[in-house]
Amino acid sequence: MRSSLQSDDMSEILINESERQGRYTPAEIEPKWQARWDADGALYAAEGHDSGKPKFYCLEMLPYPSGQLHMGHVRNYAIGDALARFMWMRGYNVLHPMGWDAFGLPAENAALKNNTPPREWTLTNIAAMRKQMQRMGLSYDWSTEVTTCLPDYYRWNQWIFLKMFEAGLAYRKKSKVNWCPECQTVLANEQVIDGCCWRHEDTIVELRDLTQWFLRITKYSDELLTGLDKMDGWPEKVRTMQRNWIGRSEGTLVDFAVDGEVKAEGSTGDLAKITVFTTRVDTIFGATSVQLAPEHAVAKAFAAADASLAAQIEELLEQQKRAREAGDVGAIEKHGIPTGRFAVNPFNGERVPIWVANYILADYGTGAIMSVPAHDERDFEFAQKYSLPVRRVIAPNVDTDAAGLELPYTGEAEAVLIDSGQWTGEACLEAQQKMAAFAAEKGFGTATVTYRLKDWGVSRQRYWGTPIPMVYCQQGHEGLEPGGVVPLPESALPVELPPQVEITQQGGSPLGRVPEFVNTVCPVCGGPARRETDTMDTFVDSSWYFYRYTDAKNSTAPFSSEKAKYWFPIDQYIGGVEHAILHLIYSRFWTKVMRDLGLIQNDEPAARLFTQGMVVKDGAKMSKSRGNVVSPDLMIERYGADATRMYALFAAPPDRDLEWQEEGVAGISRFLSRVYRLTIKYKDAHTAANTLASQSVAGEKLLRKLHQTIAKITQDFSGRWHFNTCIAAIMELVNEVQSAEAAMDSGEVPTATVAEVFRTLVLLLAPFAPFVSAELWAEIGGQGQVFRTPWPVADEAIARESEAEIPVQVNGKLVSVVKVPAGSEDAVVKAAALADAKVIARIEGKTVAKTILVPGKLVNLVVK
RNA sequence: GCCCGGAUGGUGAAAUCGGCAGACACAGCGGACUUAAAAUCCGCAGACCUUAACCGGUCGUGGGGGUUCAAGUCCCCCUCCGGGCACCA
């Protein structure tokens with residue numbers, strides 16, 4: 001009894017063992033290779049400038065270390081990794097780094113929730129995510145890893161900030177800033193989406209008057225804009241978004257003198273005139289009022305002298321605020337208040353009423369406009385509501401019966417001025433130039449350019465960010481008033497974050513509550529000083545991290561200029577489109593600043609940008625709230641990293657959204673099993689004596705397919721990146737190999753051919769499925785690392801089909817397909833088509849009026 | 001409102017230069033193997049009509065028009081979906 005049981009057990013074990021032989025087991029293969037790769041720090045390291053190879057900088061956007069890799073990351077990194085591995089195999093010196101965008105609010109929130117210090121929480125997450133990335137088999141050079149929350153990185157934020165301060169590019173000013181009550185900090189304009197916080201979609205941003213640090217991105221407005229024209233390696237969509245964001249607008253400033261005296265206590269500006277900004281100075285004879293933003297200095301001056309007006313303006317601002325809070329941003333009904341005062345139109349001397357209106361933006365242009373209801377949609381709507389006069393001064397041509405024109409008439413390209421004094425009859429576009437010149441000559445105006453882009457507010461009232469390296473000298477010293485700003489000397493860097501800080505929900509900068517941080521001495525006079533307690537926006541960190549990768553360990557400079565010169569620009573940057581106007585515009589700005597500081601020579605950070613599509617599930621973006629998140633860990637556990645990342649590339653072209661279907665991952669896993677089984681089955685072919693067997697039909701067919709596959713994948717890598725069709729092509733090849741199994745078994749296919757097919761197949765698979773490729777490469781006795789083995793080259797002669805199947809159409813309809821030798825003369829193809837039984841039946845009794853013959857493609861017989 | 005994308009079988013998709021629409025997969029169905037199931041392998045598979053079956057035919061790439069011997073692909077108009085911008089003077 002006992003012995004039989006034992007023998008049963010034995011046989012079962014033996015079956016399992018033998019079944020496992022030749023079976024694809026990612027759970028064994030992947031950890032084995034991962035351990036070897038992790039142990040070899042130099043495996044994916046880039047070579048120096050003198051490598052003699054062409055360089056290729058392949059970069060994926062660095063993640064925020066939330067602690068969990070999500071499918072969006074998997075897709076992003078699978079794309080970058082395939083490209084990096086391919087470029088290695090093509091003989092490039094590849095830089096493929098990874099790092100962590102490690103400062104930011106979630107760490108503070110976690111601190112509040114779990115009482116874990118932000119630094120510890122962040123570093124733990126980083127370790128977990130690095131592990132996940134390694135488990136994915138991503139080919140990063142970890143020796144260049146950058147972690148933005150560590151002093152050896154952020155000290156260079158501080159260093160560059162000081163350089164910017166010296167250059168006048170960093171400055172402090174008091175202004176209305178966006179305040180997110182949820183984040184308890186201010187936000188840059190770019191971080192406000194539809195009036196709400198970019199991190200808290202339902203939290204309405206408040207406006208607060210605060211003194212903040214700004215970076216003068218507007219100095220580069222024009223360069224940031226015109227540079228886009230040359231950036232043909234970037235998606236047009238992103239370029240358009242940036243153009244819109246920069247919002248360049250050519251126009252004219254015109255001074256309207258205020259009729260009567262304007263008194264205001266404490267106001268410094270010139271209140272005797274209102275300067276309006278207009279892009280349509282040609283319509284100025286149609287101006288019937290001047291409209292001021294409620295915040296305009298002249299409006300305030302009027303209000304100061306008129307309590308009723310002041311109350312109404314106050315009410316206007318209240319309405320606006322209420323509308324914002326109700327979420328009706330952008331859809332506020334137009335309201336206005338007549339001030340009872342008048343301004344003088346300098347072009348015709350006419351007195352027009354001055355109004356205060358809620359549709360005038362204080363922070364665009366001059367906060368004041370001339371209202372031309374006949375030729376502007378908004379002014380027209382406003383004039384209708386308040387029954388203001390509408391005066392036509394533009395028409396398609398001088399003879400048009402202007403009274404019959406539908407208003408507002410906003411055309412300008414093919415229009416002329418009417419009833420406009422000496423300008424009557426002029427074309428609009430020309431009149432704009434001439435009238436601006438006229439205004440300049442007479443001293444009441446000037447041509448100008450305005451931008452929507454505003455300087456970048458970088459102060460954050462948070463703990464977990466880069467300390468701003470500035471102090472305020474309490475007593476002041478020569479040339480500095482008490483409380484004045486003093487930059488720290490370079491030798492004082494880094495200004496490190498104090499480790500023990502109580503994170504609370506209360507407002508104000510947490511650093512302000514750490515006396516040992518705040519209290520310091522003035523580096524100039526040695527007197528008592530207070531440190532700046534705000535920290536930098538985390539977008540500062542990500543604006544230049546990719547330079548640091550080239551020289552991550554440098555402790556005397558942010559990076560070596562020489563190294564940057566070698567590696568830049570980034571050859572391929574890959575990431576989500578959601579950063580189109582945040583990270584990607586800041587990075588461009590930072591590059592220009594560093595260029596002007598002499599650190600680098602390139603004008604733009606990245607030659608090519610690729611924005612991948614989202615990963616969705618059941619048609620919706622994966623999110624915790626929808627409960628449709630698929631965990632990469634689970635997929636890897638079930639199907640392996642190779643199948644998971646390969647599915648991410650196979651299910652859709654990379655620029656489109658990708659629907660995650662687990663069955664699809666299982667399918668890829670089955671495919672890899674087939675590859676594995678076949679490669680192992682024929683592995684002896686690689687060591688067998690090279691028989692002199694002559695090539696067979698079956699062998700030729702296999703080689704033809706093989707070389708066609710090489711050609712297709714090679715081409716796709718350099719062009720469209722349709723990895724889905726690359727993988728489909730490999731599947732077709734494997735299908736063909738599988739159906740040739742009998743021919744390979746019988747020896748009909750020469751051993752050398754079998755060996756070539758499988759060796760090449762493993763190489764073709766390497767960029768997409770690195771683990772199984774490495775395993776199979778070792779199994780077939782491949783030398784060295786598979787992904788440093790030269791990429792196979794397609795032989796056109798072998799790939800060429802010997803026979804062509806030519807579809808034959810009659811009157812454009814497919815009737816038959818004829819086989820002819822490849823490259824046949826037109827006459828031969830035509831004769832074959834006319835000799836085809838189905839074709840004969842179809843054209844019987846009719847005459848062929850015309851024959852269209854596209855060589856190698858088709859024959860179309862037009863018959864009557 | 002303006003500017004970009006997109007719409008192809010039951011599903012994800014392919015068709016790169018105007019030339020056989022649906023490659024490659026997923027799900028499904030049928031078969032082989034198995035005591036059985038799983039796994040694996042082989043096969044079928046756009047819709048409709050016709051047929052006992054084969055054969056054969058018609059329609060078909062969001063809708064409508066056009067250009068062409070030939071249109072998923074080019075042109076004009078429209079619908080729907082996704083994204084961006086939006087009182088920017």
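These numbers come from a predicted model, not from an experiment. Per chain, numbering begins at 1; letters A, B, ... match sequence-line order.
Judged by distance alone, the side chains of A:Gln319 and A:Glu333 never bring a donor and an acceptor atom under 3.5 Å apart.
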(Q) Strictly under 4.0 angstrom, non-hydrogen atoms only: write out the protein contact profile of nucleotides 23-34 of chain B, one letter per nucleotide from the 5' end, B, S or -. (A) BBSSS-------
Q: Determine, for nucleotides 64-69 of chain B in 5'-to-3' order, which nucleotides have protein heavy atoms under 4.0 Å from the base (write B), from only the sugar-phosphate (write S), or from neither (write -).
A: -----B
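For A:Arg452 and B:A86, the shortest distance from a side-chain N or O to OP1 or OP2 is below 4.0 Å. Applying the 4.0 Å criterion to OP1 and OP2 of B:A15, one finds that A:Arg720 has a side-chain N or O inside that range. Taking 4.0 angstrom as the limit, A:Arg842 places a side-chain polar atom (N or O) nearer than this to OP1 or OP2 of B:G57. For A:Gln738, a side-chain nitrogen or oxygen approaches OP1 or OP2 of B:C42 to under 4.0 Å. For B:U11, neither phosphate oxygen OP1 nor OP2 lies less than 4.0 angstrom from any side-chain nitrogen or oxygen of A:Lys617.
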**Q.** Step-by-step ring pair (Phe, Tyr, Trp, His ring centres under 6.0 Å) determination, A:Phe717 to A:Phe723
**A.** CA-CA 8 Å; A:Phe717 258 113; A:Phe723 299 133; 5.1 Å; yes
Name the atoms and distances for all side-chain donor-acceptor pairs under 3.5 Å in residues 361-371 of chain A, with sequence neighbours left out.
from: A:Thr366; atom 1: OG1; to: A:Thr275; atom 2: O; distance (Å): 2.6
from: A:Thr366; atom 1: OG1; to: A:Ala368; atom 2: N; distance (Å): 3.4
from: A:Thr366; atom 1: OG1; to: A:Ala368; atom 2: O; distance (Å): 3.2

Name each donor-acceptor pair under 3.5 Å that joins a side chain in residues 577-586 of chain A to protein atoms two or more places apart or in another chain, with its distance.
from: A:His583; atom 1: ND1; to: A:Ser542; atom 2: O; distance (Å): 3.3
from: A:His583; atom 1: ND1; to: A:Ser587; atom 2: OG; distance (Å): 3.2
from: A:His583; atom 1: NE2; to: A:Tyr573; atom 2: OH; distance (Å): 2.6
from: A:Tyr586; atom 1: OH; to: A:Glu190; atom 2: OE1; distance (Å): 2.9

Quiz: residues 646-653 of chain A side-chain donor-acceptor pairs under 3.5 angstrom, not counting sequence neighbours:
from: A:Tyr647; atom 1: OH; to: A:Glu659; atom 2: O; distance (Å): 3.0
from: A:Tyr647; atom 1: OH; to: A:Gln661; atom 2: N; distance (Å): 3.1

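Remark: RNA chain B takes part in the stems B:1-7 with B:79-85, B:10-12 with B:24-26, B:28-32 with B:40-44, B:46-49 with B:56-59, B:62-66 with B:74-78, each of 3 or more antiparallel Watson-Crick or G-U pairs, criterion distances under 3.5 Å.
Considering only the side chain of A:Pro653, B:A14 comes nearest among B:A14, B:C87, B:G19.
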